[in-house]
**Q** 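The structure is given below, and queries will be raised subsequently.
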Amino acid sequence: MLHGYIPPHRFLPYLSWTEIAALPDRENTVIVLPCGAIEQHGPHLPCSVDSVIASGVMGKALEKLPAEVRAFALPTITYGKSEEHLHFPGTMTLTGTTLLSTVTEIGESVYRAGFRKLLFANGHGGQPQVLEMAARELRLRHGDFVVVPHGVSRLPNASSRQISEQERRLSMHAGHSETALMLALAPDTVHMERAAANFPPPFPIKLLSADGRPACAWTARDFGPSGVIGDPTSATREQGQEILDTLSDSWVQALTELHALRWVVREEATWERGHQQGFIQQSFEAA
């Protein structure tokens, strides 16, 4: 079914339009848009990793969420901005412009339906800037819209206790944590017999990169033919389940607090794309 990892009762498209129109407290109901990608993740993982993790983690969080916390998910965006992986078959990419337009227009639809809180739950490291741009654009258009772009894996979880110092500093793609999560979420798609470590050379300019991660733009092929940037070899399903449990617990807390949030409302009109007039502050008097 279309909901995938999302609990059916938390899946907004399973409601009719009349049921959506009748929802209570729509202005504080949190709408979750998981954002993933279809791109190579080495020989041992499927190309669907980012989409599976984005929807799997948020689905587990919504499953645990108390009934009184109103939140629904939309279908995961499974295509992302993945140009850094274009050298490998199976990578399907949108341009940044296309992704920006897509999530912005979905955000407009969410707003038009009466909702005022939207979470971009991002599972792909190549597109946070695009989602941040979309969130700002939507806020410019609507002074009562709370739009949060955030990485799915960037909340407290057990992965930091499981990885080596080298993995913590230099792993960026298809390493330990992604492999462990996929072993928990979609084990039949993982081929650990093909897993092998591959790290980039530490970036030599300490002022630009204290931990050695590349400070310059890169593509996955820059670091070798496998597409892996990290060490997946020690990942286990048990570790993945621990990451999933702790990460989804963090998201339960974040969704609960986002539901309760009462944020600044701006009534003045703002310039935005295609509009030629808006509010300009003329003077300031201290309260």
Side-chain angles (χ1 to χ4, degrees), residues 1-36 49-78 103 106-107 109-111 113-124 128 131 135 138 144-160 177-178 180-186 237 239-263:
M1 292 292 287
L2 184 63
H3 62 273
Y5 293 95
I6 307 298
H9 69 286
R10 293 284 191 178
F11 195 59
L12 191 70
Y14 284 171
L15 300 181
S16 70
W17 77 263
T18 54
E19 290 172 322
I20 292 173
L23 286 173
D25 198 26
R26 273 180 292 169
E27 63 272 19
N28 291 307
T29 297
V30 181
I31 302 300
V32 178
L33 178 62
C35 301
V49 166
D50 294 343
S51 296
V52 169
I53 289 176
S55 57
V57 169
M58 298 315 299
K60 179 60 71 173
L62 289 166
E63 179 184 301
K64 296 178 178 179
L65 199 65
E68 64 270 18
V69 180
R70 303 194 61 80
F72 294 93
L74 293 170
T76 300
I77 296 180
T78 54
V103 295
I106 292 173
S109 297
V110 168
Y111 188 89
F115 301 106
R116 297 295 181 264
K117 293 179 178 178
L118 173 61
L119 170 67
F120 294 143
N122 180 36
H124 169 42
L131 300 180
L138 290 165
D144 58 345
F145 206 5
V146 178
V147 186
V148 178
H150 206 285
V152 164
S153 298
R154 293 189 177 275
L155 291 186
N157 66 86
S159 63
S160 60
S177 297
E178 284 190 320
L181 274 171
M182 289 300 291
L183 284 167
L185 289 167
R237 187 172 186 175
Q239 290 172 329
Q241 191 61 55
E242 185 183 20
I243 296 172
L244 181 61
D245 288 341
T246 54
L247 190 53
S248 58
D249 285 344
S250 291
W251 275 110
V252 168
Q253 179 181 342
L255 289 169
T256 299
E257 293 182 6
L258 185 54
H259 175 258
L261 175 70
R262 300 298 181 264
W263 191 240

**Q** Please round to the nearest 0.5 Å and tell me the distance separating atom CZ of Phe72 and atom CG of Leu33.
**A**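 Here the interatomic distance stands at 15.5 Å.
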
**Q** Apply the test side chain to side chain contact (heavy atoms under 4.5 Å, CB included) to residues His259 and Leu65: give CA-CA distance (whole Å), side-chain angles for both, the deciding distance (0.1 Å), then the verdict.
**A** CA-CA 11 Å; His259 175 258; Leu65 199 65; over 6 Å; no

**Q** Just one of Leu118, Asp144, Val147, Ile31 clears the side-chain contact (heavy atoms from CB on, under 4.5 Å) bar with Tyr111, so which one?
**A**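 Option passing the side-chain contact (heavy atoms from CB on, under 4.5 Å) with Tyr111: Asp144.
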
**Q** Evaluate the side-chain proximity of Leu62 to His9: yes if any heavy-atom separation is below 4.5 Å, no if none is.
**A**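 Counting from C-beta outward, His9 and Leu62 never come under 4.5 Å.
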
**Q** To the nearest 0.5 Å, how far apart are CG in Leu261 and NZ in Lys117?
**A**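 One gets 5.0 Å once the value is rounded to the nearest 0.5 Å.
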
**Q** About how many Å separate CD1 of Ile53 and NE2 of His124, when rounded to the nearest 0.5 Å?
**A**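 The CD1 atom of Ile53 is 12.5 Å from NE2 of His124, to the nearest 0.5 Å.
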
**Q** Output the distance between atom CG (Leu131) and atom CD1 (Ile77), rounded to the nearest 0.5 Å.
**A**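 That separation rounds to 7.5 Å.
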
**Q** Considering only residues two or more places apart or on different chains, which pairs with a residue in residues 59-70 satisfy salt bridge (Lys or Arg N to Asp or Glu O under 4.0 Å)?
**A**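 As it turns out, the salt bridge (Lys or Arg N to Asp or Glu O under 4.0 Å) pairs with a partner in residues 59-70, which skip direct neighbours, are Lys60-Glu63, Lys64-Asp249.
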
**Q** Check whether any side-chain heavy atom of Leu138 sits under 4.5 Å from a side-chain heavy atom of Phe120, and report yes or no.
**A**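 Yes, at least one pair of side-chain atoms sits under 4.5 Å.
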
**Q** Under a 3.5 Å distance rule, please check whether Thr76 uses its side chain to pair with a backbone N or O of Ser51 as donor and acceptor.
**A**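 No: the side chain of Thr76 does not pair with the backbone of Ser51.
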
**Q** Please give me the minimum heavy-atom distance between His150 and Leu155, naming the atom from each residue.
**A**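 In terms of heavy atoms, the two residues are closest at CE1-CD2, 3.8 Å.
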
**Q** Under 4.5 Å between any side-chain heavy atoms of Leu255 and Val32, yes or no?
**A**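 Yes, at least one pair of side-chain atoms sits under 4.5 Å.
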
**Q** How far apart are the C-alpha atoms of Leu12 and Phe115, what are their side-chain angles, what is the distance that settles it, and do they pass the side chain to side chain contact (heavy atoms under 4.5 Å, CB included) test?
**A** CA-CA 12 Å; Leu12 191 70; Phe115 301 106; 4.1 Å; yes

**Q** Please find the pair of heavy atoms, one from Ala73 and one from Pro13, that lie closest to each other, and give the distance.
**A**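 Smallest interatomic distance, heavy atoms only, reads O-CD, 3.7 Å.
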
**Q** So which heavy atom on Gly56 is nearest to which on Leu244, and how close?
**A**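 It is O-CD1, 4.1 Å.
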
**Q** Working to the nearest 0.5 Å, report the span between CD1 of Ile20 and CG of Leu15.
**A**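 Rounded to the nearest 0.5 Å, the CD1-CG separation comes to 5.0 Å.
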
**Q** So which atom in Ala184 and which in Gly240 form the shortest heavy-atom distance, rounded to 0.1 Å?
**A**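 For Ala184 versus Gly240, the nearest heavy atoms are CB-C, 3.6 Å.
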
**Q** Roughly how far apart are Thr29 OG1 and Arg116 CZ, rounded to 0.5 Å?
**A**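 Here the rounded value is 11.5 Å.
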
**Q** Just by modelled atom types, is the Ala158 backbone N or O under 3.5 Å from a matching donor or acceptor in the Thr246 side chain?
**A**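 Between the backbone of Ala158 and the side chain of Thr246 there is a qualifying donor-acceptor contact (under 3.5 Å).
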
**Q** Looking only at heavy atoms, which two atoms of Trp251 and Val152 are closest? And how far apart?
**A**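 Between these two residues, the closest heavy atoms are NE1-O, 2.8 Å.
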
**Q** Going by heavy atoms in the side chains, are Tyr14 and Met1 under 4.5 Å from each other?
**A**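 Tyr14 vs Met1: side chains touch.
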
**Q** Can you see which heavy atom on Tyr5 is nearest to which on Leu185, and at what distance?
**A**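 Closest approach of Tyr5 to Leu185, heavy atoms only: OH-O, 3.1 Å.
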
**Q** Tell me if a side-chain donor or acceptor on Arg10 pairs with a main-chain N or O of Gly59 at a distance below 3.5 Å.
**A**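 Not confirmed, Arg10 side chain does not pair with Gly59 backbone.
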
**Q** Below 4.5 Å, heavy atoms only, C-beta onward: do Val252 and Val69 meet side chain to side chain?
**A**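 They are not in side-chain contact.
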
